[in-house]
Amino acid sequence: MSEHDERLPLAETATDGLKIVIVGGFGVGKTTMVRSVSEIRPLSTEETMTQAGVGVDSTRGVQGKTTTTVAFDFGRISLDEQLVLYLFGAPGQERFWFLWDSLFAGTLGAVVLVDARRLAESWYAIDRLEHHGTPFIVARNNFGPPKHSLDDVRAALDLSDEVPLVDCDARDRDSSKQVLISLVDHLYTLSTVREGASS
């Protein structure tokens with residue numbers, strides 16, 4: 001039995017839980033990231049794509065994909081003895097975007113996972129997070145060697161300098177964990193700035 005097949009109990013010392021959403025376009029690797037980093041067997045609502053989705057769901061750039069998330073993925077990772085991240089992977093298909101606003105409720109921050117080959121599919125996610133005032137970082141999931149610099153990606157997405165932009169491999173546990181740590185660091189920085197401004 002692998003580590004991801006076990007159901008690890010939540011540590012009794014855990015005192016703080018943070019809800020994190022992983023969002024982005026269809027086929028960018030959200031389910032893969034939740035699976036790779038979760039310390040428990042993730043809850044997944046991934047279903048086989050059928051003929052009913054033909055003409056409704058765009059598979060441009062991901063023609064070989066055979067499954068899709070129809071509600072959300074859920075996982076958990078303990079950052080230390082007290083701090084726990086609860087991970088929600090949002091569905092990427094446009095017809096499921098109505099679920100996003102509900103998933104954003106109570107979220108402290110988000111990861112926008114992007115495929116640099118299909119950046120336009122990430123704009124809606126960024127727009128919704130900005131609309132809700134939800135802090136986020138952007139992670140480029142590398143499908144092969146990057147063809148553009150992170151500065152090029154930042155410019156293409158029109159990201160402000162304050163939004164962290166990192167590289168990752170969503171299949172790799174350590175890489176995905178670093179993305180989440182980058183988000184937590186960003187949230188901490190923002191809270192410190194707010195506290196300084198209010199004092």
Side-chain angles (χ1 to χ4, degrees), residues 18-38 42 44 46 57-65 67-69 72-75 77 79 85 87-94 96-97 100 103-104 107-190:
L18 305 176
K19 178 182 176 182
I20 301 297
V21 173
I22 301 171
V23 69
F26 175 57
V28 297
K30 300 179 297 298
T31 297
T32 300
M33 178 172 278
V34 173
R35 284 180 179 165
S36 72
V37 79
S38 179
S44 179
E46 198 167 46
D57 300 324
S58 172
T59 56
R60 183 181 61 82
V62 287
Q63 287 86 349
K65 188 167 171 60
T67 59
T68 186
T69 299
F72 61 85
D73 302 306
F74 173 78
I77 181 170
L79 293 183
L85 293 184
L87 311 174
F88 290 80
Q93 302 269 28
E94 185 173 351
F96 298 124
W97 285 354
W100 286 13
L103 280 178
F104 293 162
T107 298
L108 291 183
V111 173
V112 178
L113 198 59
V114 303
D115 178 351
R117 303 167 301 178
R118 301 179 292 124
L119 285 178
E121 296 187 13
S122 305
W123 292 337
Y124 182 79
I126 292 171
D127 179 69
R128 294 310 300 163
L129 290 167
E130 289 177 341
H131 171 78
H132 283 276
T134 303
F136 65 94
I137 69 167
V138 176
R140 174 174 65 179
N141 188 16
N142 287 316
F143 294 84
K147 295 182 179 179
H148 305 283
S149 70
L150 285 178
D151 286 340
D152 292 336
V153 174
R154 181 178 296 280
L157 291 174
D158 195 26
L159 289 178
S160 72
D161 292 338
E162 288 73 34
V163 177
L165 174 61
V166 299
D167 268 323
C168 74
D169 180 344
R171 301 166 299 179
D172 182 79
R173 178 177 175 80
D174 288 337
S175 181
S176 295
K177 193 171 183 178
Q178 283 304 312
V179 170
L180 299 177
I181 290 171
S182 295
L183 174 60
V184 171
D185 287 344
H186 180 53
L187 294 174
Y188 178 76
T189 299
L190 291 176

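Along the sequence shown, residues are numbered consecutively beginning with 1.
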Do F88 and I20 have side chains that get closer than 4.5 Å, going by heavy atoms?
-> no
Does the distance from a Lys or Arg side-chain N to an Asp or Glu carboxylate O, for D174 and K177, drop under 4.0 Å?
-> no
side-chain contact (heavy atoms from CB on, under 4.5 Å) partners for L190, two or more places apart = P135, H186, R194
For residues D169 and S175, is any side-chain donor paired with an opposing acceptor at under 3.5 Å?
-> no
Establish, from distance only, whether the side-chain atoms of S36 and S176 form a donor-acceptor pair under 3.5 Å.
-> yes
Could you check if a side-chain atom of V23 sits within less than 4.5 angstrom of a side-chain atom of L129, using non-hydrogen atoms only?
-> yes
Name all residues meeting the salt bridge (Lys or Arg N to Asp or Glu O under 4.0 Å) criterion together with D167; count only those two or more places apart in sequence or in a different chain, and write none if there are none.
-> R140
Just jot down the ring-ring contact (aromatic ring centres under 6.0 Å, His included) partners of H132, sequence neighbours excluded, or say none.
-> F104
Apply the side chain to side chain contact (heavy atoms under 4.5 Å, CB included) test between V138 and each candidate in V179, V166, V163, V111; give the one that qualifies.
-> V163
Please identify each residue that fulfils salt bridge (Lys or Arg N to Asp or Glu O under 4.0 Å) with R154, with sequence neighbours left out.
-> none
For L108, the side-chain contact (heavy atoms from CB on, under 4.5 Å) test, sequence neighbours excluded, returns L18, L187
To the nearest 0.5 Å, what is the distance between CD (E162) and CD1 (I137)?
-> 15.0 Å
Does D185 have any side-chain contact (heavy atoms from CB on, under 4.5 Å) partners at least two apart in sequence or in another chain, and if so, which?
-> I181
